[in-house]
2 protein chains.
Amino acid sequence: MTGSAPQKPRIRDAEATQKRIMVAAKKEFAKSGLGGSRVDDIAERAKANKRMIYHYFESKETLFQRVLEEAYTDIRMAEQKLELDHLDAKSALEKLVRFTWKYYLDNPEFITLVNSENLHKAKHLKKSEVIHVVSRRLVDMVSSILRRGVEEGVFRENVDPVQLNITIAAIGYYYLTNRYTGSIVFERDLMAPEALTDRIAFNIETILRLVCKVSD
Amino acid sequence: MTGSAPQKPRIRDAEATQKRIMVAAKKEFAKSGLGGSRVDDIAERAKANKRMIYHYFESKETLFQRVLEEAYTDIRMAEQKLELDHLDAKSALEKLVRFTWKYYLDNPEFITLVNSENLHKAKHLKKSEVIHVVSRRLVDMVSSILRRGVEEGVFRENVDPVQLNITIAAIGYYYLTNRYTGSIVFERDLMAPEALTDRIAFNIETILRLVCKVSD
DNA sequence: GCGTTAAATAACTATCGAGTTAGATGCTTT
DNA sequence: AAAGCATCTAACTCGATAGTTATTTAACGC
């Protein structure tokens with residue numbers, strides 16, 4: 001309590017500081033959105049001086065853009081590691097639905113960041129260069145599963161891969177992003193462990209019934 | 001240009017002023033979220049003195065709560081006007097899916113308000129008294145359609161009405177709330193008229209395949 | 001037509017918050 | 001070991017912003 005702090009030797013590490021700022025910013029932006037976040041809070045959480053944020057990232061908005069880009073590349077990279085090619089089409093699709101759900105569940109900041117970006121009409125993502133490259137790989141992945149499913153004779157033809165992609169995301173994303181209002185509206189704890197397992201089962205059923213030739 | 005304004009006679013109308021504030025607040029909160037909205041902007045848009053907001057609504061947060069409550073009662077009341085009872089179960093369900101989509105499309109502020117409320121972990125909706133009453137009617141409506149569909153022999157049994165409700169909302173809501181990032185990620189204008197008709201058709205297919213006994 | 005009340009306004013306060021200035025200090029290179 | 005530079009810090013600016021104070025004025029009952 002008394003006595004001055006034992007004068008910590010100021011360690012200098014540009015890379016580590018930037019990383020700490022990115023991690024802290026992701027958390028703050030996810031918690032409060034772009035508009036609701038405070039640069040001072042980000043600096044404090046990062047254990048960095050506020051000035052460093054402007055030194056390394058120029059502005060609050062640029063920092064947000066960097067955080068958002070990283071969030072997108074992270075999920076797209078995780079998807080690419082799934083190795084769905086050795087599975088039959090139906091199993092591959094089910095695995096993708098499960099993955100998407102689990103990713104949202106384990107990385108809730110992804111959802112909040114995307115929501116915040118849409119409130120701003122995607123003005124930051126528009127400036128991104130890498131987004132198209134990584135996104136195409138996702139669409140290709142789903143297209144490939146659909147094509148194989150048709151070849152195997154288990155999927156019906158002419159299912160739009162983009163619509164399917166959107167639907168797979170939607171049924172998980174909506175449930176989780178609206179978990180607070182949803183729990184009130186439906187008078188049910190949507191985040192209870194049992195509720196979560198119920199939901200993923202329901203989602204798999206939804207997607208398989210949508211693309212499979214024969215249902216029951 | 002020159003000359004003072006012709007000294008408008010100050011009209012006093014408590015009800016009308018409150019209404020103007022509510023309308024203005026809904027637009028501002030929808031555009032910028034709770035945190036991003038400015039009380040001064042709301043007052044200006046409402047053509048009311050800022051002081052009136054505090055006179056009638058106590059605080060910015062209370063105003064948000066009132067706006068949110070109204071948004072929920074509005075959509076729930078519109079649903080109740082659908083008169084689905086005289087339709088067969090399949091047509092009733094399709095009509096509900098179409099309605100939900102169209103309501104989100106015509107009332108985009110509903111989506112943004114709900115998003116903002118979830119960012120705040122539903123702290124305002126928690127205080128609401130009416131939310132449960134109006135919500136139950138929606139669940140009852142879907143339960144009734146499901147029951148009738150089973151009786152008619154067209155729907156399969158044991159479909160959870162809450163999960164179905166969530167899914168109907170999800171496939172429309174997600175598409176629209178993420179239309180800005182979605183249009184970039186999928187390199188396709190998701191709001192083009194043709195894209196919108198494609199989506200509603202896809203959504204109806206998704207829901208009907210989910211509950212119907214025989215698909216093709 | 002007079003007094004009371006409710007509706008409305010303008011100007012203010014105190015704090016917050018993004019971005020800056022000026023300067024100090026640790027690391028690397030020669 | 002001294003220069004030179006990048007990393008880092010404290011303290012500041014100034015406009016914005018939620019909420020208030022003090023005052024004015026329309027409406028309504030009598």
Side-chain angles (χ1 to χ4, degrees), chain A residues 4-68 116 119-120 123-124, chain B residues 4-68 116 119-120 123-124:
Chain A
S4 59
Q7 66 173 80
K8 44 190 153 187
R10 197 159 60 180
I11 306 152
R12 324 189 116 192
D13 188 334
E15 220 171 307
T17 303
Q18 286 177 56
K19 187 69 204 165
R20 287 204 317 281
I21 292 171
M22 284 287 284
V23 169
K26 182 183 275 186
K27 284 180 188 161
E28 286 293 325
F29 286 141
K31 197 183 72 182
S32 314
L34 171 56
S37 292
R38 303 291 155 239
V39 176
D40 291 273
D41 294 350
I42 294 171
E44 193 182 10
R45 193 192 275 263
K47 291 188 200 307
N49 189 281
K50 178 162 66 149
R51 188 67 187 79
M52 301 317 289
I53 291 177
Y54 292 93
H55 183 64
Y56 291 124
F57 297 94
E58 183 177 351
S59 70
K60 188 186 176 186
E61 297 230 343
T62 312
L63 176 59
F64 181 79
Q65 189 184 325
R66 288 280 305 277
V67 167
L68 186 73
S116 193
L119 189 62
H120 292 88
K123 64 180 278 203
H124 310 93
Chain B
S4 59
Q7 67 173 79
K8 45 192 154 188
R10 198 159 58 180
I11 307 152
R12 326 187 114 192
D13 188 335
E15 221 172 305
T17 302
Q18 287 177 57
K19 186 69 203 165
R20 287 204 317 280
I21 292 171
M22 285 287 283
V23 169
K26 183 183 276 186
K27 284 179 189 162
E28 286 294 325
F29 286 141
K31 198 183 71 180
S32 314
L34 171 56
S37 292
R38 303 291 154 238
V39 176
D40 290 276
D41 293 351
I42 293 171
E44 193 182 9
R45 193 192 276 264
K47 292 188 199 306
N49 189 284
K50 177 162 68 151
R51 189 66 187 80
M52 301 317 288
I53 291 177
Y54 292 94
H55 182 64
Y56 291 123
F57 298 95
E58 184 175 352
S59 70
K60 187 185 175 187
E61 297 230 342
T62 313
L63 176 59
F64 181 80
Q65 189 184 325
R66 287 280 304 278
V67 167
L68 186 73
S116 193
L119 189 63
H120 293 88
K123 65 180 277 205
H124 310 94

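Just so it is clear: chains get the letters A, B, ... in the order the sequence lines come, proteins before strands, and each one is counted from 1. Keep in mind it's a predicted model, so treat the numbers as computed, not measured. Atom set for the values below is all heavy atoms of this structure, side chains included, hydrogens, waters and symmetry mates excluded.
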Student: Out of B/K50, B/E58, B/M52, which residue meets the side-chain contact (heavy atoms from CB on, under 4.5 Å) rule with B/Y54?
Tutor: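 Output: one option passes, namely B/K50.
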
Student: Could you state the CG-P distance from A/D41 to C/dC16, rounded to the nearest angstrom?
Tutor: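 Atom CG in A/D41 sits about 11 Å away from atom P in C/dC16.
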
Student: At under 4.0 Å, does any side-chain N or O of A/Y54 touch on OP1 or OP2 of C/dT21?
Tutor: no

Student: Whole Å only: how far is the NZ atom of B/K60 from the C1' atom of C/dC16?
Tutor: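 It is 13 Å, rounded to the nearest whole Å.
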
Student: Roughly, in whole Å, what's the span from CG in A/N49 to P in C/dT25?
Tutor: 14 Å

Student: Should B/H55 be listed as having a side-chain N or O under 4.0 Å from OP1 or OP2 of C/dA7?
Tutor: yes

Student: Could you work out which one of D/dA10, C/dA7, D/dT17 sits closest to the side chain of B/Y56?
Tutor: C/dA7

Student: Record whether the side chain of B/R51 comes under 3.5 Å of the base of D/dT20 through a donor-acceptor pair of N or O atoms.
Tutor: no

Student: Within this structure, what is the NZ-CE distance for the pair A/K26 and A/M22, rounded to the nearest 0.5 Å?
Tutor: 7.0 Å

Student: Side-chain N or O of A/S59 versus OP1/OP2 of C/dA18: is the shortest distance under 4.0 Å?
Tutor: no

Student: Without decimals, in angstroms, what is the distance between B/I53 CD1 and D/dT21 P?
Tutor: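 Rounding to the nearest Å, CD1 of B/I53 and P of D/dT21 are 17 Å apart.
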
Student: Parallel, tilted or perpendicular, judged at 30° and 60°: which one describes the rings of A/F64 and A/H120?
Tutor: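 Geometry flag for A/H120 against A/F64: tilted rings.
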
Student: When you get a sec, tell me which of C/dA18, D/dA27, D/dA18 is the closest nucleotide to the side chain of B/R12?
Tutor: D/dA27

Student: Answer yes or no: is there a donor N or O on one side and an acceptor on the other, between the side chain of A/K47 and the main chain of A/R20, under 3.5 Å?
Tutor: no

Student: So, under a plain 3.5 Å distance rule, would you say the side chain of B/K50 forms a donor-acceptor pair with the base of D/dG19?
Tutor: yes

Student: Rounded to whole Å, how long is the line connecting atom CD of A/E61 with atom C1' of C/dG17?
Tutor: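 For the pair A/E61 CD and C/dG17 C1', the rounded distance is 15 Å.
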
Student: Check whether any side-chain heavy atom of A/K60 sits under 4.5 Å from a side-chain heavy atom of A/I53, and report yes or no.
Tutor: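 A side-chain contact under 4.5 Å is absent here.
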
Student: Take the protein atom CD of B/E58 and the nucleotide atom P of D/dA18, then report the distance between them rounded to whole Å.
Tutor: 16 Å

Student: For A/L34 and for B/A14, find the nucleotide of DNA chain C with the closest heavy atom, then tell me which residue's nucleotide is more 5'.
Tutor: B/A14

Student: Specify the separation, in whole Å, of atom CG of B/D13 and atom C1' of C/dA8.
Tutor: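 Rounded to the whole Å, the gap is 12 Å.
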
Student: To the nearest angstrom, how far is A/M52 atom CE from C/dA24 atom P?
Tutor: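 Nearest whole value for this atom pair: 17 Å.
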
Student: Any idea which of C/dG17, D/dA18, D/dC8 is nearest the B/D40 side chain?
Tutor: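 Among the listed nucleotides, the one closest to the side chain of B/D40 is D/dA18.
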
Student: Could one point to a donor on the side chain of B/R38 or the base of D/dA18 with an acceptor on the other under 3.5 Å away?
Tutor: no

